[in-house]
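Here the structure is laid out as structure tokens; the discussion comes afterwards.
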Amino acid sequence: MSLADVSDPEPNLKELIEALSRHPSVVEKAHIQTAYSPAADVSGPVLLGDDCAAIPDEATGGHLLFAAEGIISRFVEDDPWFAGYSAVMVNLSDVAAMGGTSIAITDILWCSESDHEKVDLIWDGMRAASSAYGVPIVGGHTTRHSQPGDRVTLAAAVLGRAGPRLLTSFDAEVDDCLVIAVDTAGAYRKDKPFWNASTTSEPEKLRRLMGLLPKLAERGLCRAAKDISNGGIVGTLAMFTESSKVGALLDLDTLYRPRDTAWLKWLTSFPSFGYLLAIPAKHLTEVRALFAPEPSVFVESVGRFIEERSMIIAQGGELENLQFPQMP
């Protein structure tokens, strides 16, 4: 995938860093530990900070995985079909990011009697994702009430399995390559910062791509991983480095972005298939080879993890330290 695919009507690096440091979704992810710190005493065998819980399974020697996601109400209101689709898709991605394979989906849906048309669209979206990825919806909890004016509430959960070797966001080490894997065969969904390479792909491709993360884990090629979510590449990298207690250098000159897309938009976008990986340099060639049969997926080292606890953005020979405002 050529980096020449982009145009460059851009602010300078210093201005980009300033915009990223104030971007709401990025700042939220940079301070994500404030969200889960009240639950620190209920942490299981895998530390809090990943989007998927891992439970050792003595019967198999591997792990059971459990992911759950609530969908923002305004997203459900604005785009109910895609909200239903995404409720499934994002959980499947969380399971894959741990090196796992999803096996079942459940839903939680709360709505009023007057919302039946919207609810039908949500269910159509969930069914479409379930069918495309080949993971069944096996139940859940749907409530229809008589309280007019309440917003539709949507969440979903996914059960999965992984082997003995997990991918978490806690294990990146200094000098590991910072690798990104992202499916470029997509387009933005309406005016949202969501890069959709899912609804336009064949089911067979979606299933192949989800199967690549477990292979990384099984073959010991990847030390740590995190799926790119709200907050985009930069927000996800901030969470990744916080969990692993390292810093990172991200080189924009090596990073793919779609044609005619500003850096600020791309760095804060949520791709349907997008992962940040900590790969030891000795495994980089084998990782590229694993993804090679999927030509639409850009897989490349775009920086490295560093000892200094900071995020450094590089472009055109310049370096800027990305710092975030303190939470009140």
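Quantities reported herein were computed from a predicted structural model and do not represent experimental measurements.
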Under the side chain to side chain contact (heavy atoms under 4.5 Å, CB included) criterion, do V179 and L276 qualify, and how do the steps go?
CA-CA 6 Å; V179 172; L276 297 180; over 6 Å; no
For a side chain to side chain contact (heavy atoms under 4.5 Å, CB included) check, start with the C-alpha distance between S102 and L159, then their side-chain angles and the critical distance, and finish with the verdict.
CA-CA 6 Å; S102 296; L159 182 68; over 6 Å; no
Starting from the C-alpha separation in whole Å, work towards a yes-or-no answer on salt bridge (Lys or Arg N to Asp or Glu O under 4.0 Å) for K190 and D78.
CA-CA 11 Å; K190 300 183 177 180; D78 292 345; over 6 Å; no
Pair L255-L267, side chain to side chain contact (heavy atoms under 4.5 Å, CB included): steps then yes or no
CA-CA 10 Å; L255 178 62; L267 291 172; 3.8 Å; yes
I122 and Y85: side chain to side chain contact (heavy atoms under 4.5 Å, CB included), yes or no, with the steps?
CA-CA 7 Å; I122 290 169; Y85 190 97; over 6 Å; no
Derivation of the salt bridge (Lys or Arg N to Asp or Glu O under 4.0 Å) call for K14 and E318
CA-CA 9 Å; K14 191 178 291 291; E318 296 183 40; over 6 Å; no
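Using a 4.0 Å cut-off between a side-chain N of Lys or Arg and a carboxylate O of Asp or Glu, R208 and E204 do not qualify as a salt bridge. Ion pairing of D115 with R151 is absent here, as no side-chain N (NZ or NE/NH1/NH2) approaches a carboxylate O to less than 4.0 Å. With respect to D176 and R304, no salt bridge is recorded, no charged nitrogen being found less than 4.0 Å from a carboxylate O. A salt bridge between E173 and R223 is present, with a side-chain N of the basic residue lying under 4.0 Å from a carboxylate O of the acidic one.
A224 and A172 get closest at one heavy-atom pair: CB-N, 3.5 Å. Shown here for C177 and A281, the closest heavy-atom pair between the two residues is SG-CA, 3.9 Å. Taking each heavy atom of L65 and A54 in turn, the nearest pair found is CD2-CB, 3.7 Å. Closest heavy-atom contact between S131 and R207: O-NH2, 2.6 Å. Minimum interatomic distance between M311 and V234 (heavy atoms only, all atoms of both residues): CE-O, 3.6 Å. Nearest heavy-atom pair, F305 versus L277, reported as atom, atom and distance to 0.1 Å: CE1-O, 4.1 Å.
Side-chain contact check for T142 and D107: at least one donor-acceptor pair (N or O, by modelled atom type) lies under 3.5 Å. Between the side chains of Y275 and T236, not a single donor N or O lies within less than 3.5 Å of an accepting N or O. Counting only N and O atoms by type, the side chains of D50 and S169 include a donor and acceptor under 3.5 Å apart. Side-chain N/O atoms of S296 and K205 include a donor and acceptor closer than 3.5 Å. Side-chain polar atoms of T285 and H283 form no donor-acceptor pair below 3.5 angstrom.
T200 OG1 to R189 CZ: the interatomic distance, rounded to the nearest 0.5 Å, is 10.5 Å.
Within 6.0 Å of atom CD in E77, more than 12 heavy atoms from other residues, nucleotides or ligands are found, so the atom counts as buried in its surroundings.
Residues D94 and E69 have side chains in contact (heavy-atom distance under 4.5 Å, counting atoms from C-beta outward). Residues L290 and L216 are in side-chain contact: their nearest non-hydrogen atoms beyond the backbone lie under 4.5 Å apart. A 4.5 Å side-chain heavy-atom check between H63 and R161 finds every atom pair outside the cut-off. Using a 4.5 Å heavy-atom cutoff, the side chains of L20 and L16 are in contact. Taking the side chain as every heavy atom from C-beta outward, F273 and T184 never approach each other to under 4.5 Å. The side-chain heavy atoms of L237 and L178, taken from C-beta on, include a pair separated by under 4.5 Å.
The aromatic rings of Y256 and F298 sit tilted relative to each other, their planes meeting at an angle between 30° and 60°.
Each of F82, Y188, F75 was compared with F194 under the ring pair (Phe, Tyr, Trp, His ring centres under 6.0 Å) criterion, and only F82 meets it.
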